[in-house]
**Student:** 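Take a look at this one; I'll ask things after.
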Amino acid sequence: MKITKLEPIILHAPVTRGGIADSTHKLSHWGAPGVAIHTDTGHIGYGFSGTHAHLPTDRLIVDCIIHTYGPLLIGEDPGEVIALWEKLHKQAEIYWVGRAGITHLALGAIDIALWDLKAKAAGEPLWKLLGGSAKKKVEAYNTDGGWLNWPLKTVVSDCKRLVEKDGYRAVKLKVGGPNPLEDLRRVEAVRKALGPDIRIMTDANGRWTLPQAIQTGRRLKDFDIVWIEEPIYFDDVEGHRRLAEAIETPIALGEQLYTASAFRDFIHAGAVHYVQPDVVRLAGITEFWQVADLARCYSLPVVPHVGDMCQVHQHLCFAHPACALLEYIPWLRDWMEAPVKIKDGYYVAPEAPGAGMTPSRKALATINKA
Ligand code: 0YR
Ligand code: MG
């Protein structure tokens, strides 16, 4: 098989109820800028990054895919995924300007598309190709009931619905709002509504200073929280290490980390407990696997962040022994040929060949061709 053409794709999908916010981000659409990699056998591989649907930056990502990496891929055998990843990753002219950021996001989308091609050519879903087992259970926790811009009443009734009607046993609440007492009131209300057996995660999206995180983190303990996610600034290794020493509730982070070496620094420092790599921010599945192996060596659970809206990560969680729990956010559901399936709070292993990001016909018909 040989790569013949790269085609740019930008999808913008509306988020729940027209707009969501956490402590740091506000968005009306989820962005999936990416690529269709065409081959001489007719197989097409799809891979996307994940953004806040900001068209000018989405264009940078697809331009980087098509014009910067594209010429290095034409004529290559897409089955050589790791060798191609090494080739693209080691381009000195490219990493001179970006060992993280746009170039890394572009490489991630390409890597996903290459794995997609490999799995499609093998006629297998990616998790099978990676050695996975459908016997494994991958639990879903739901993030879509806890947005910060929704009034407390809505958060409580949404979380109750997710648990009582949809069967989730774990939900995530956004914190890090302007008033920490209000954060605590929201968590307390949801804990009361759900009872002691449902797990609750909290996510501050990098908002607090270290003393704020210590203070609120200590108080959150009363509500038996699974983790506090991104309590302070994304890149602050030493701050998270100090926080981990100061509070009892475990720390989760990783959605903003671009590289395996950034994860190494947090893990080695003891600054993270729940490791949250994302294929769309790391350079794809290849680098995700490096992070998951590393976490496993330190006995740390891997609970990916889903910039791909879980389409690829479900495969990785079925396949990798460090993963047993996966976030769920529904925003690409209506745009994918085979949206993820969740039954009674658990992912159902996908059977279609590929890595899971093939857009639906409707999506391909309405895309912005960039
Ligand atoms: C905005 N999940 C997250 C929203 C989510 C964000 O990017 O999607 O809150 O990615 O932190 O854990
Ligand atoms: Mg988060």
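Order of listing sets the numbers, starting from 1, for every ligand and every atom in it. Throughout, numbering of the chain's residues begins at 1 and tracks the sequence.
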**Student:** Taking the Mg ion (ligand 2) as the center, what protein N, O or S atoms are found at less than 2.8 Å?
**Tutor:**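 Metal shell, protein only: D203 OD2, E229 OE2, E255 OE1.
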
**Student:** One line per pair, note the atom names and distance for all nitrogen or oxygen contacts under 3.5 Å between ligand 1 and the protein.
**Tutor:**
residue	atom	partner	partner atom	Å
ligand 1	2 (N)	H305	NE2	3.3
ligand 1	2 (N)	E327	OE2	3.2
ligand 1	7 (O)	H52	NE2	2.6
ligand 1	9 (O)	D22	OD2	2.5
ligand 1	9 (O)	K174	NZ	2.7
ligand 1	10 (O)	H305	NE2	2.6
ligand 1	11 (O)	K174	NZ	2.9
ligand 1	11 (O)	D203	OD2	3.0
ligand 1	11 (O)	N205	ND2	3.0
ligand 1	11 (O)	E255	OE1	2.8
ligand 1	11 (O)	E255	OE2	3.1
ligand 1	12 (O)	K172	NZ	2.7
ligand 1	12 (O)	D203	OD2	3.1
ligand 1	12 (O)	E229	OE2	2.9
ligand 1	12 (O)	E255	OE1	3.1
ligand 1	12 (O)	E327	OE2	3.2

**Student:** Parallel, tilted or perpendicular: which one describes the rings of H320 and W289, with boundaries at 30° and 60°?
**Tutor:**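 Because their plane-to-plane angle is over 60°, the rings of H320 and W289 count as perpendicular.
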
**Student:** Which word best sums up how the rings of Y258 and H104 line up, parallel for under 30°, tilted for 30 to 60°, or perpendicular for over 60°?
**Tutor:**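 Rings of Y258 and H104: perpendicular, over 60°.
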
**Student:** Go through the structure and list residues passing ring pair (Phe, Tyr, Trp, His ring centres under 6.0 Å) with H305, not counting sequence neighbours.
**Tutor:**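 Per chain and number, H305 pairs via ring pair (Phe, Tyr, Trp, His ring centres under 6.0 Å) with no residue.
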
**Student:** Output, in order, the C-alpha distance, side-chain angles, deciding distance and verdict of salt bridge (charged side-chain N to carboxylate O under 4.0 Å, His left out) for D158 and R161.
**Tutor:** CA-CA 5 Å; D158 278 11; R161 174 178 46 80; 3.4 Å; yes

**Student:** A side-chain contact here means heavy atoms from C-beta on lying under 4.5 Å apart; do D116 and M357 qualify?
**Tutor:**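 Answer no - side chains too far apart.
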
**Student:** Parallel, tilted or perpendicular: which one describes the rings of H25 and H52, with boundaries at 30° and 60°?
**Tutor:**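 H25 vs H52 ring planes: perpendicular.
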
**Student:** Can you find a heavy atom in the side chain of M201 that is under 4.5 Å from one in the side chain of V171?
**Tutor:**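 M201 does not reach V171 side chain to side chain.
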
**Student:** Which heavy atom of A189 sits nearest to which heavy atom of L152, and what is that distance?
**Tutor:**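 Here A189 and L152 meet closest at CB-CD1, 3.9 Å.
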
**Student:** Can you sort out the partners of T216 under side-chain contact (heavy atoms from CB on, under 4.5 Å), two or more places apart, ordered by chain and number?
**Tutor:**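 Per chain and number, T216 pairs via side-chain contact (heavy atoms from CB on, under 4.5 Å) with P180, L184, W208, L220.
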
